[in-house]
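Reminder, nothing fancy here: chain letters follow the sequence lines and each chain counts from 1. What you see below is based on every heavy atom in this structure, not just the backbone, and it leaves out hydrogens, waters and symmetry mates.
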Number of protein chains: 2
Amino acid sequence: MRNKERMSDELVKSFSALADPTRLAIVERLMAEGELPAGDIVAGVDITAPAISRHLKVLRDAGLIRQRAEGTKRIYSADARGLRRIADWTLSRRIYWDSQFDRLAAAIDLEGGPDA
Amino acid sequence: MRNKERMSDELVKSFSALADPTRLAIVERLMAEGELPAGDIVAGVDITAPAISRHLKVLRDAGLIRQRAEGTKRIYSADARGLRRIADWTLSRRIYWDSQFDRLAAAIDLEGGPDA
DNA sequence: ATGCTAATTAACGGAAGTGTTAAATTTTGG
DNA sequence: CCAAAATTTAACACTTCCGTTAATTAGCAT
């Protein structure tokens with residue numbers, strides 16, 4: 001029972017991490033470009049390095065990005081774990097939002113379904 | 001171009017709405033039970049009605065729940081639109097987080113892919 | 001050691017989020 | 001109309017979030 005609550009907390013943390021336009025943009029860019037040093041992420045955004053640094057920490061704590069060191073540089077890349085957590089949750093409710101099912105069917109299926 | 005930014009904003013709004021344990025729980029419960037009056041949502045949570053009322057407003061503004069009136073009651077139900085927005089985004093990056101693809105393939109495919 | 005570059009942490013101010021209690025709104029029923 | 005019930009809105013306190021500038025840490029080169 002505690003496990004379920006922990007998962008929910010992790011999920012909330014993932015959502016929180018993406019609930020900011022700057023952070024969402026960072027994740028999108030890392031997914032598109034593979035990996036980037038912190039400096040490259042700062043360039044092209046009009047906020048300062050310390051702010052970005054903390055955004056990166058938030059994303060890292062949420063498991064959405066990873067970091068590796070290379071000299072004085074910190075190279076960041078997207079981490080599938082965090083995104084997969086969101087995907088798992090979303091897909092487990094597919095029956096609800098997928099238009100080929102109606103809401104009633106969704107309610108019935110969820111009752112004794114993936115969450116049980 | 002402006003359209004894309006708007007979409008991104010909507011997505012951030014959806015994530016923000018779910019970035020709170022109380023609101024996530026409300027959405028989950030509505031998906032599971034179909035529809036509930038505000039009073040039933042208040043009962044079973046240890047926060048007051050006004051707080052819940054504002055949480056419901058946040059979820060409604062994000063397109064995650066819907067409201068209909070019945071007497072003095074306000075009946076809420078999950079709204080697939082908001083969830084589908086998250087699902088669309090997540091699935092459009094499936095190539096990135098799905099373990100059957102590696103990161104390089106994801107980068108290549110995203111470059112001229114679903115986002116173009 | 002010194003200096004240079006890259007990045008993070010510290011300290012702080014302002015904006016936004018979350019909860020409470022009290023008041024207002026809306027609808028129903030006598 | 002008056003009163004009760006269900007919700008929402010108003011006003012307020014408190015905490016968290018987000019950005020800035022200044023200071024610190026860490027690696028590399030001379």
A.B. asks: Sequence neighbours excluded, which residues qualify as side chain to side chain contact (heavy atoms under 4.5 Å, CB included) partners of A:Asp40?
C.D. replies: A:Leu36, A:Pro37

A.B. asks: Rounded to whole Å, please give me the gap between CG in B:Asp40 and P in D:dA5.
C.D. replies: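 So the two atoms are 16 Å apart, to the nearest Å.
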
A.B. asks: A:Ala51: what forms a side chain to side chain contact (heavy atoms under 4.5 Å, CB included) with it, not counting sequence neighbours?
C.D. replies: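 So A:Ala51 forms a side chain to side chain contact (heavy atoms under 4.5 Å, CB included) with A:Ile47, A:Thr48.
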
A.B. asks: Along DNA chain C, 5' to 3', what are the outermost nucleotides having an atom less than 4.0 Å from a heavy atom of chain B?
C.D. replies: C:dT18 to C:dT28

A.B. asks: Who are the side chain to side chain donor-acceptor pair (under 3.5 Å) partners of B:Arg66, not counting sequence neighbours?
C.D. replies: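 Expected list: none.
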
A.B. asks: Send over the distance from B:Lys57 NZ to D:dA10 C1', rounded to a whole Å.
C.D. replies: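 The distance from NZ of B:Lys57 to C1' of D:dA10 comes to 14 Å, rounded to the nearest Å.
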
A.B. asks: Using a 4.0 Å cut-off on protein heavy atoms (strictly under), produce a 5'-to-3' string for nucleotides 17-30 of chain D with B for base contact, S for backbone-only sugar-phosphate contact, and - for none.
C.D. replies: -BBBBB----BS--

A.B. asks: What residue pairs, at least two apart or across chains, pass ring pair (Phe, Tyr, Trp, His ring centres under 6.0 Å) with a residue in residues 59-91 of chain A?
C.D. replies: A:Phe15-A:Trp89

A.B. asks: Which angle, rounded to 10°, do you find between the first-five-pair axis and the last-five-pair axis of the helix from C:dA1-D:dT30 to C:dG30-D:dC1?
C.D. replies: 10°

A.B. asks: Under the side chain to side chain contact (heavy atoms under 4.5 Å, CB included) test, which residues partner B:Ala17, sequence neighbours left out?
C.D. replies: B:Val58, B:Leu59, B:Ala62, B:Leu64

A.B. asks: Of all residues at least two apart in sequence or in a different chain, which pass the side chain to side chain donor-acceptor pair (under 3.5 Å) check with B:Arg85?
C.D. replies: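 B:Arg85: side chain to side chain donor-acceptor pair (under 3.5 Å) contacts with B:Ser14.
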
A.B. asks: Looking only at atom types and distance, does a side-chain atom of A:Trp97 sit under 3.5 Å from a main-chain N or O of A:Thr90, one as donor and one as acceptor?
C.D. replies: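 The answer is yes, because a donor-acceptor pair under 3.5 Å joins these two groups.
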
A.B. asks: Can you check the B:Ile41 CD1 to D:dA6 P distance for me, whole Å?
C.D. replies: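 Computing the B:Ile41:CD1 to D:dA6:P distance gives 14 Å.
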
A.B. asks: With sequence neighbours excluded, give me every salt bridge (charged side-chain N to carboxylate O under 4.0 Å, His left out) pair touching residues 47-58 of chain B.
C.D. replies: B:Lys57-B:Asp61

A.B. asks: Provide the full list of ring pair (Phe, Tyr, Trp, His ring centres under 6.0 Å) pairs with a residue in residues 37-59 of chain B, sequence neighbours left out, each pair given once.
C.D. replies: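 Residue pairs passing ring pair (Phe, Tyr, Trp, His ring centres under 6.0 Å), neighbours aside: none found.
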
A.B. asks: List in chain and number order the residues that pass salt bridge (Lys or Arg N to Asp or Glu O under 4.0 Å) with A:Arg60, two or more places apart in sequence or in another chain; answer none if no residue qualifies.
C.D. replies: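 Expected list: none.
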
